[in-house]
Amino acid sequence: MSNRPVTLRDIAKKVGVHTSTVSRVLNPDAGAKVSREVALKVTRAAEELGYSLNPFARSLKTNQSFTIGVLIPDLTDPLFPPIMRGIEDTLSEAGYTAILANSDNDPDHERKGLETMRARKVDGLILATAQRKDRLVARCVADRIPLVLVNREVEDHSVPAVVNDDIGGMRMVTEHVISLGHRRIGHISGPQTLSTGMNRLNGYLAAMRAHGLPERHADMVEAAPLTDAAAQAAAEALLASDPDLTAIVTANDMLALGAYDALEARGLSCPDDVSVTGFNDIPFADKFKPPITTVRIQKFEMGAEAARLVLRMIKGENVGGLSMLLRPTLVVRGSTAPPRR
DNA sequence: ATTACATGACTGTTCGGGAC
DNA sequence: GTCCCGAACAGTCATGTAAT
């Protein structure tokens, strides 16, 4: 009794045909010219013997792995599972598999993750890790690997990207806060090395300017890196520098949680003393206390579009530096209210 | 006897070419 | 219209050959 996996040859032997015939039966999309009678025998034998395709052997011949490498910056960030779902659903429909690597926001991890995926001969890459200036991305471009960025993009728009309208989204939520009557509004931004961090800051500034509100330098604090600790420190710095703030708009929901903590530490309540807003509308954002007013981005769709784009590139389509901008929507919940005074 | 290098077998699958 | 033949793919490992 051998443990050797069943191959096309085994099926061919059993049925009495050539392996290539078996291959054509089991790959109907290759334009199989096989009689129904033989095809039936082959499929039956394949089932009886428990055949499953050897993807390595197929890759050897076709130079295609039907595998896409996906690199994300932080496995613990609830933003990414819905994006990943969009990627996986779309890829699997097309017969592709995603392999996931997490960089933990560490450039060294990122490089290793990319190297591993490339060594495994992925057909394409989807990166959620891109910085505005990104050497790893530049190298992938130079090596002509089908590559799509998701959520974040590079400064020179040299790589196709599927991103949210971060400027518009942040402007929208800031204007919601302004419309409630707030005038002293602070911003906790993401790292300015990231397109999301920079665009969301610009959206905040655009809203402030449009309403003739002062852009005080002290009212803008950067949380870098994007960690819980940095978020809370940023919120504390913001409240310390401007005690008259009545609202804080943050660049993502996790930063908003940091603001909640900082408010509580100062004995302030949200939204009675200070209104707070988030961004992304991560899963369970409605379970925050209070439920967070935020900007809903199209997470699933973002992943799905990125996957569609990379599949088009694999087919040889020239998509150029095509960027896709997805429209966000405002979700008003309990963390925003008119200022007390 | 040891070392360096070359050659070829091997894996499972696919696909162009050709036989009937 | 059906089916077969056999090369080719990338990389590893064993074997062969020649030089030291």
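Naming: A, B, ... by sequence-line order, numbering from 1 per chain.
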Do you know which two heavy atoms are closest between A:Leu201 and A:Met220, and how far apart they sit? CD1-SD, 3.8 Å
Just how far, in rounded Å, is P of B:dT11 from CG of A:Leu8? 14 Å
Check: A:Asp253 side chain, A:Phe279 main-chain N or O, donor-acceptor pair, under 3.5 Å: yes
In whole Å, what is the span from the CZ atom of A:Phe66 to the P atom of B:dG12? 20 Å
C:dC3 phosphate, OP1 or OP2, under 4.0 Å from A:Ser35 side-chain N/O: yes
Would you say the side-chain atoms of A:Asn102 pair up with the backbone N or O of A:Leu75, donor to acceptor, closer than 3.5 Å? yes
Over how many whole Å does the gap from A:Leu60 atom CG to C:dC9 atom P extend? 10 Å
Is A:Arg58 near enough to B:dG12 that one of its side-chain N or O atoms lies under 4.0 angstrom from OP1 or OP2? no
Expressed in angstrom and rounded to an integer, what is the separation of A:Leu49 atom CG from B:dG12 atom P? 14 Å
Does A:Ile297 offer a backbone N or O that forms a donor-acceptor pair with the side chain of A:Lys299 under 3.5 Å? yes
Specify the separation, in whole Å, of atom NZ of A:Lys121 and atom P of C:dA10. 9 Å
Touch class at under 4.0 angstrom, heavy-atom based, for A:Asn63 against every strand present: nothing
Identify which nucleotide among B:dT14, B:dT13, C:dA10 has an atom closest to any side-chain atom of A:Asn27, counting heavy atoms from C-beta outward. B:dT14
Around atom CD of A:Glu48, are there more than 12 heavy atoms from other residues, nucleotides or ligands closer than 6.0 Å? yes
So A:His187 and A:Tyr204, would you call those rings parallel, tilted or perpendicular, with 30° and 60° as cut-offs? parallel
Can you give me the N/O atom pairs linking the protein to nucleotides 4-7 of chain C at distances under 3.5 Å, or say none if there are none?
{"residue": "C:dC4", "atom": "OP1", "partner": "A:His18", "partner atom": "N", "Å": "3.3"}
{"residue": "C:dC4", "atom": "OP2", "partner": "A:His18", "partner atom": "N", "Å": "2.8"}
{"residue": "C:dC4", "atom": "OP2", "partner": "A:Thr21", "partner atom": "OG1", "Å": "2.4"}
{"residue": "C:dC4", "atom": "N4", "partner": "A:Arg24", "partner atom": "NH2", "Å": "2.8"}
{"residue": "C:dC5", "atom": "N4", "partner": "A:Ser20", "partner atom": "OG", "Å": "3.0"}

By the 4.0 Å heavy-atom rule, please label A:Thr62 as base, sugar-phosphate, or nothing. sugar-phosphate
Starting from P on C:dT2, measure out to CZ on A:Arg36 and report it in whole angstrom. 11 Å
Counting only heavy atoms not in A:Asn318, do more than 12 fall under 6.0 Å of its CG? no
How long is the line joining CZ of A:Arg4 and P of B:dC10, in whole Å? 14 Å
Expressed in angstrom and rounded to an integer, what is the separation of A:Asn54 atom CG from C:dG11 atom P? 16 Å
